[in-house]
Amino acid sequence: MSDLMQTFPVKRIIEHGPGVKSFYFDRMTDAVAGQFVNVWLPGIDEKPYSVSALGEDWLEISVKAYGVFSGAMMKLKVGDLVGIRGPFGKGFTFRDNALIIGGGIGIAPLRILARELSERNFRFVSLLGAATAHEVIFVDDFRRRSSNCYVTTDDGTLGKKGLVTDDLLEIIKKEKIEFVYAAGPEIMFVKIKELIDPLGIAYEFCLERYMKCGIGICGQCTLDGSGIRLCVEGPVLNQDDLKAVTELGLPHRDASGRRV
Amino acid sequence: MSDLMQTFPVKRIIEHGPGVKSFYFDRMTDAVAGQFVNVWLPGIDEKPYSVSALGEDWLEISVKAYGVFSGAMMKLKVGDLVGIRGPFGKGFTFRDNALIIGGGIGIAPLRILARELSERNFRFVSLLGAATAHEVIFVDDFRRRSSNCYVTTDDGTLGKKGLVTDDLLEIIKKEKIEFVYAAGPEIMFVKIKELIDPLGIAYEFCLERYMKCGIGICGQCTLDGSGIRLCVEGPVLNQDDLKAVTELGLPHRDASGRRV
Amino acid sequence: MSQVKFLNLKLKNPTVLASGILGLTASSMKRVVEFGGAGAVTTKSFNIEWRKGHKNPSILPFRHGLLNAVGLSNPGIDEMVKEIRLFRRQCDAPIFASVFGRTIDEFAEVTRLTVEAEPDLIEVNISCPNVHSEFGQPFGNSCEDTAKITEIVKKNAGDIPVSIKLGPHGPGVARLARVCEEHGADAITAINTVGPGMLIDIEVRKPILSNKTGGVSGPAILPIAVKSVYEVYKAVNIPIIGTGGVTVPEDAVQMILAGATLIGIGTGVYYQGIDVFKKIEQGVREYLDRHGFKSIEEIRGGAHE
Amino acid sequence: MSQVKFLNLKLKNPTVLASGILGLTASSMKRVVEFGGAGAVTTKSFNIEWRKGHKNPSILPFRHGLLNAVGLSNPGIDEMVKEIRLFRRQCDAPIFASVFGRTIDEFAEVTRLTVEAEPDLIEVNISCPNVHSEFGQPFGNSCEDTAKITEIVKKNAGDIPVSIKLGPHGPGVARLARVCEEHGADAITAINTVGPGMLIDIEVRKPILSNKTGGVSGPAILPIAVKSVYEVYKAVNIPIIGTGGVTVPEDAVQMILAGATLIGIGTGVYYQGIDVFKKIEQGVREYLDRHGFKSIEEIRGGAHE
Ligand SMILES: Cc1cc2nc3c(=O)[nH]c(=O)nc-3n(C[C@H](O)[C@H](O)[C@H](O)COP(=O)(O)OP(=O)(O)OC[C@H]3O[C@@H](n4cnc5c(N)ncnc54)[C@H](O)[C@@H]3O)c2cc1C
Ligand SMILES: Cc1cc2nc3c(=O)[nH]c(=O)nc-3n(C[C@H](O)[C@H](O)[C@H](O)COP(=O)(O)OP(=O)(O)OC[C@H]3O[C@@H](n4cnc5c(N)ncnc54)[C@H](O)[C@@H]3O)c2cc1C
Ligand SMILES: Cc1cc2nc3c(=O)[nH]c(=O)nc-3n(C[C@H](O)[C@H](O)[C@H](O)COP(=O)(O)O)c2cc1C
Ligand SMILES: Cc1cc2nc3c(=O)[nH]c(=O)nc-3n(C[C@H](O)[C@H](O)[C@H](O)COP(=O)(O)O)c2cc1C
Ligand code: FES
Ligand code: FES
């Protein structure tokens with residue numbers, strides 16, 4: 001694989017529930033947890049998606065329907081051709097005694113992380129939250145691999161009713177957590193940061209921004225304060241990277257570059 | 001080294017006599033006997049020259065003054081920058097019990113051949129001819145490496161007075177020659193061919209034609225009859241290659257492509 | 001399945017040797033067909049009088065293609081007519097005669113004389129970017145000159161079809177192609193080299209080409225060639241010889257999808273060897289097979305849908 | 001020894017971030033200076049109103065460079081004026097504001113408003129090849145439009161020097177540069193992207209860029225950029241920001257020998273990382289050292305002798 005555009009047929013689709021699907025392709029690339037690929041739907045657009053799992057001969061991405069593009073993804077059928085280039089970006093580092101926090105479709109890059117951690121025999125605990133049960137994708141997988149797996153849903157259809165951040169501090173204490181991984185909506189990062197910065201625990205967040213090139217030249221995904229390019233130096237940033245970032249939780253730039 | 005233009009300083013110059021010089025460069029490339037490099041004199045022109053010897057860390061070409069370009073070569077001084085790209089073409093094959101026939105500056109590509117043969121412990125005999133003594137370049141080298149070395153000059157200043165072809169058949173017989181290598185003026189090839197074709201002895205000649213690209217695209221050096229490109233499939237051709245060639249000894253094409 | 005119809009001609013496959021590459025002699029072009037596998041060949045561009053062209057270096061590889069300023073060296077029409085005739089006697093493949101002139105009248109004259117050699121097509125080079133200094137801007141940068149030359153060449157070409165060779169510069173290749181079609185051209189060859197460009201040796205601190213500047217060909221220009229063919233295909237109904245940067249079968253498929261009927265290959269000979277034509281023909285055939293197409297026609301212009 | 005004077009400015013080194021690359025925010029440009037080593041930065045081209053630009057794919061690597069059709073997406077002048085001011089507060093390096101307009105009046109307007117941000121130079125993008133469909137041919141393809149824009153921008157720019165950014169197309173970069181100089185331009189930036197080009201995915205059989213066509217940048221265009229700078233240097237006396245295909249120090253030296261005062265680098269960031277500026281500055285310095293030159297001035301335009 002490479003930065004050059006190539007197309008691949010969809011090999012298999014899993015529907016987790018309304019508006020949440022995983023797509024499988026022949027494995028066209030290596031990738032580490034946190035890295036993403038650019039997905040091109042001809043005639044529609046091209047957007048970044050985390051690699052959510054890798055098998056011997058397959059690659060998985062997991063998508064939640066939000067707008068035009070992810071909506072179009074939902075209509076893909078097995079055999080349809082999709083452009084894929086990458087992998088791009090820098091992934092997670094591997095730590096022992098970590099807590100993995102996933103919010104909604106942010107669970108995607110954590111699925112491959114969980115596998116990489118357990119392959120290294122690292123102990124970790126999972127804390128997954130989403131709007132509703134079927135959005136906690138691959139929850140069995142996390143249950144199997146984690147030494148403990150906490151789940152919350154907004155509607156209480158799975159696990160505890162509430163947000164992932166509700167019992168965060170207690171879980172950290174109880175599970176003797178030394179490191180935090182998180183991926184999900186930006187507001188979740190803001191909340192987590194508020195809660196754990198005082199504890200001095202190190203962490204890595206997998207962020208999202210509107211992206212164009214994926215190769216570090218357009219400047220679309222740079223973060224105010226640090227000038228870091230999320231597509232190259234991210235999307236995984238640690239507490240040090242985030243120190244200089246002044247825009248966490250604030251409006252992001254759209255395709256024009258305006259903050260909206 | 002490569003097809004791309006690079007410049008190198010002249011490291012050393014040997015003057016064999018009026019109008020005949022060898023030039024030394026840091027060894028920028030591998031090459032086998034028969035291969036050539038394109039030499040660029042900035043502001044003047046670019047022409048092909050056989051690699052005449054290769055040392056651990058040096059490369060040699062040997063030049064006789066004829067016209068504008070080789071004349072300009074004679075004015076080079078140590079330290080002058082010369083563009084060199086290559087090596088181009090296909091070299092000689094290595095055979096036992098061969099006769100090496102060199103005419104004039106055609107001796108150049110045979111010097112490196114002689115070395116390659118003797119390194120392989122192949123027996124060979126040399127037959128070198130030129131206008132005058134100093135044009136029989138590196139004659140000592142040939143004498144040392146060959147099992148026998150015959151020399152002719154037009155003016156009798158070295159070896160026997162006459163042409164290399166005068167005693168060719170006798171030498172072949174006496175020395176039990178099984179293969180012939182030759183490089184020199186085209187008329188010499190015509191003569192040699194006439195003499196040895198009837199014997200059925202196999203041979204390789206190192207030809208010259210006006211060249212432009214050296215990389216097989218301009219068509220300037222193609223041979224009538226076969227369409228072979230001397231810069232790629234040559235400059236060394238064997239008796240089979242030459243069968244289809246209808247222009248041996250006839251006028252060659254100049255820069256415009258006309259036969260002159 | 002690689003067979004292709006082009007105007008009144010049938011070619012074994014859609015590859016054509018581009019002008020300026022190995023097109024000086026009958027023997028050379030014959031080898032390009034027999035050993036190389038080309039479906040047709042184009043001669044080096046020639047004119048009434050022979051020209052020496054520029055001194056060397058005249059053809060310079062760089063990392064992404066070639067830079068050339070051969071300076072339209074050619075042996076003159078008498079020699080070339082002989083070679084074309086010789087080729088026609090020895091070889092079945094169509095031969096395209098590439099002509100140029102220094103004046104509009106010369107285009108007429110060289111066409112008239114070329115007709116005697118009975119080439120299968122006359123390709124009119126109005127777009128060589130290397131001759132500025134001598135001839136001013138290429139004729140092909142002006143719609144008027146392009147119209148005039150097309151008209152006058154057609155008038156002198158008799159039954160022999162005419163393709164006008166365009167560059168990517170000037171008022172736009174699509175506009176020029178329309179002018180050519182309106183004035184009777186039977187086909188368009190697109191594109192000639194791009195630029196021109198220059199490379200400077202930083203040690204001797206001089207431009208390397210003896211002409212200083214030269215046209216860019218090869219892989220670097222593929223996107224510009226594909227785009228040109230795409231635009232020309234939208235603009236006209238006459239067939240296109242898509243040329244520029246094709247070195248592998250996938251490039252040729254792009255050209256066909258953009259709308260090319262034939263695929264001109266020049267610098268590809270440097271990258272892939274003289275049998276680049278064969279390799280590309282085979283690769284295109286495999287592509288058609290793999291996708292269940294029966295002929296090239298089925299995908300021609302397919303990127304427009 | 002890498003220090004260089006350019007108009008009224010002193011740069012730590014001659015490298016400049018080219019427009020359209022990492023030039024959207026103060027933070028991004030600051031990083032290009034501090035971590036990347038650029039001597040100056042250029043903003044993304046902006047206009048009065050924000051523009052979304054084209055959908056993705058809008059930037060596409062191919063084997064020899066990039067193809068891009070970002071479509072002049074930009075956040076509009078208010079946002080950019082803020083970012084320029086922020087940059088000026090935080091960073092010593094000069095900042096060049098790149099502006100464009102859809103009409104000649106808009107060029108005046110955007111210049112007038114940009115002056116308030118006090119950039120060190122206003123670079124006027126009249127050569128973006130991606131906007132044909134919306135704006136017709138680039139203004140920079142016409143000598144008259146180029147003259148008018150230069151004049152009107154100069155009138156509105158006050159004390160701030162103006163560089164006109166030219167492409168390799170149209171009536172010839174040297175002629176255009178002369179027009180710019182005659183109408184008061186303080187500098188020339190050459191060149192913008194080349195082409196445009198197109199790449200077609202042969203499996204889905206469609207052009208890949210959402211805009212179908214895009215400008216070619218990167219290594220493929222180096223010879224065309226070097227040639228353009230060479231011609232401009234011959235034609236005018238104002239300094240040149242030589243841009244196009246520079247990825248390694250040797251490329252930058254070619255540009256300087258052709259006549260560039262500053263070296264614009266865009267796509268090089270993709271090939272060599274954000275510290276491409278530092279690498280090139282060091283390499284150029286080593287080149288000067290090795291050859292016993294004391295400053296870049298000594299070799300500027302050296303290929304013309
Ligand atoms: C590095 C990276 C990795 C990504 N990985 C994934 C992934 O694995 N799976 C996945 O589904 N998406 C992922 N995304 C997001 C994805 O690229 C698209 O942004 C997303 O699919 C929405 O695109 P759209 O065009 O459908 O929605 P748009 O039309 O862009 O948005 C529609 C509405 O939904 C909102 N919205 C969009 N995305 C989100 C979100 N993530 N959370 C909350 N609101 C949102 C928008 O603000 C807008 O209001 C990733 C993004 C990045 C930068
Ligand atoms: C593959 C190849 C290898 C070569 N290797 C060498 C080499 O090792 N050493 C070397 O000196 N040259 C070699 N040459 C020849 C060289 O490239 C030039 O052609 C030669 O130096 C004359 O160039 P010029 O410009 O000085 O003469 P020109 O101006 O081209 O010629 C001046 C006159 O000399 C005649 N002439 C030119 N060359 C020869 C010749 N070789 N024999 C007889 N008459 C000639 C011409 O016909 C003309 O009348 C080689 C050529 C080829 C194609
Ligand atoms: C060495 C060389 C010589 C050329 N000479 C001519 C010529 O005489 N007439 C012409 O129309 N085009 C000439 N061209 C242009 C080619 O025919 C072709 O249009 C161009 O090189 C792009 O195709 P390519 O990338 O496959 O080489 C020449 C190109 C090269 C590289
Ligand atoms: C992604 C991308 C966006 C660009 N956007 C602009 C722009 O907004 N304004 C402009 O004047 N040039 C723009 N350019 C052109 C560059 O500034 C530069 O002139 C060109 O890319 C050649 O230089 P390079 O090969 O170093 O990239 C853009 C180029 C790229 C690759
Ligand atoms: S998406 Fe272009 S720099 Fe990150
Ligand atoms: S010199 Fe050009 S083909 Fe041989």
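Naming: A, B, ... by sequence-line order, numbering from 1 per chain.
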In terms of heavy-atom proximity below 4.5 Å to chain D, should [X] be classed as side chain, backbone, both, or neither?
X: A:Glu233; answer: side chain
X: A:Thr7; answer: both
X: A:Thr222; answer: side chain

Considering all heavy atoms, the nearest [X]-[Y] contact:
X: D:Pro61; Y: A:Leu4; result: O-CD2, 3.3 Å
X: D:Arg31; Y: A:Ser226; result: CD-O, 3.4 Å
X: A:Arg258; Y: D:Pro75; result: CG-O, 3.4 Å
X: D:Val204; Y: A:Trp40; result: CG2-CH2, 3.7 Å
X: D:Ser73; Y: A:Ala255; result: CB-O, 3.6 Å
X: A:Cys213; Y: D:Ile59; result: CB-CD1, 3.6 Å

Please check if the number of heavy atoms outside [X] that lie under 6.0 Å from its [atom1] is greater than 12.
X: A:Lys191; atom1: NZ; value: no
X: D:Asp92; atom1: CG; value: no
X: D:Lys212; atom1: NZ; value: no
X: D:Lys12; atom1: NZ; value: no

> Top residue by heavy-atom pair count (under 4.5 Å) with chain A, among D:Pro207, D:Ser58, D:Gly273, D:Pro57?
Replying inline: D:Pro57
Check: [Y] main-chain N/O paired with [X] side-chain donor or acceptor under 3.5 Å:
X: D:Asp201; Y: A:Gly83; value: no
X: A:Asp45; Y: D:Asn56; value: yes
X: A:Ser256; Y: D:Lys52; value: no

Per-residue contact mode, [X] against chain A (heavy atom under 4.5 angstrom):
X: D:Thr25; result: side chain
X: D:Glu83; result: side chain
X: D:Glu203; result: both
X: D:Leu66; result: side chain

[atom1]-[atom2] distance between [X] and [Y], expressed to the nearest 0.5 angstrom:
X: A:Asp224; Y: D:Lys30; atom1: CG; atom2: NZ; answer: 11.0 Å
X: A:Gln6; Y: D:Ile202; atom1: CD; atom2: CD1; answer: 10.5 Å
X: A:Ile215; Y: D:Tyr270; atom1: CD1; atom2: OH; answer: 5.0 Å
X: A:Ile228; Y: D:Phe35; atom1: CD1; atom2: CZ; answer: 10.0 Å

> Would a 4.5 Å heavy-atom cut-off, applied to side chains only, mark D:Leu199 and A:Met5 as touching?
Replying inline: no
>> So which residue, A:Cys218, A:Gly214, A:Cys221, A:Ala244, ends up with the most heavy-atom pairs under 4.5 Å with chain D?
In response: A:Cys218
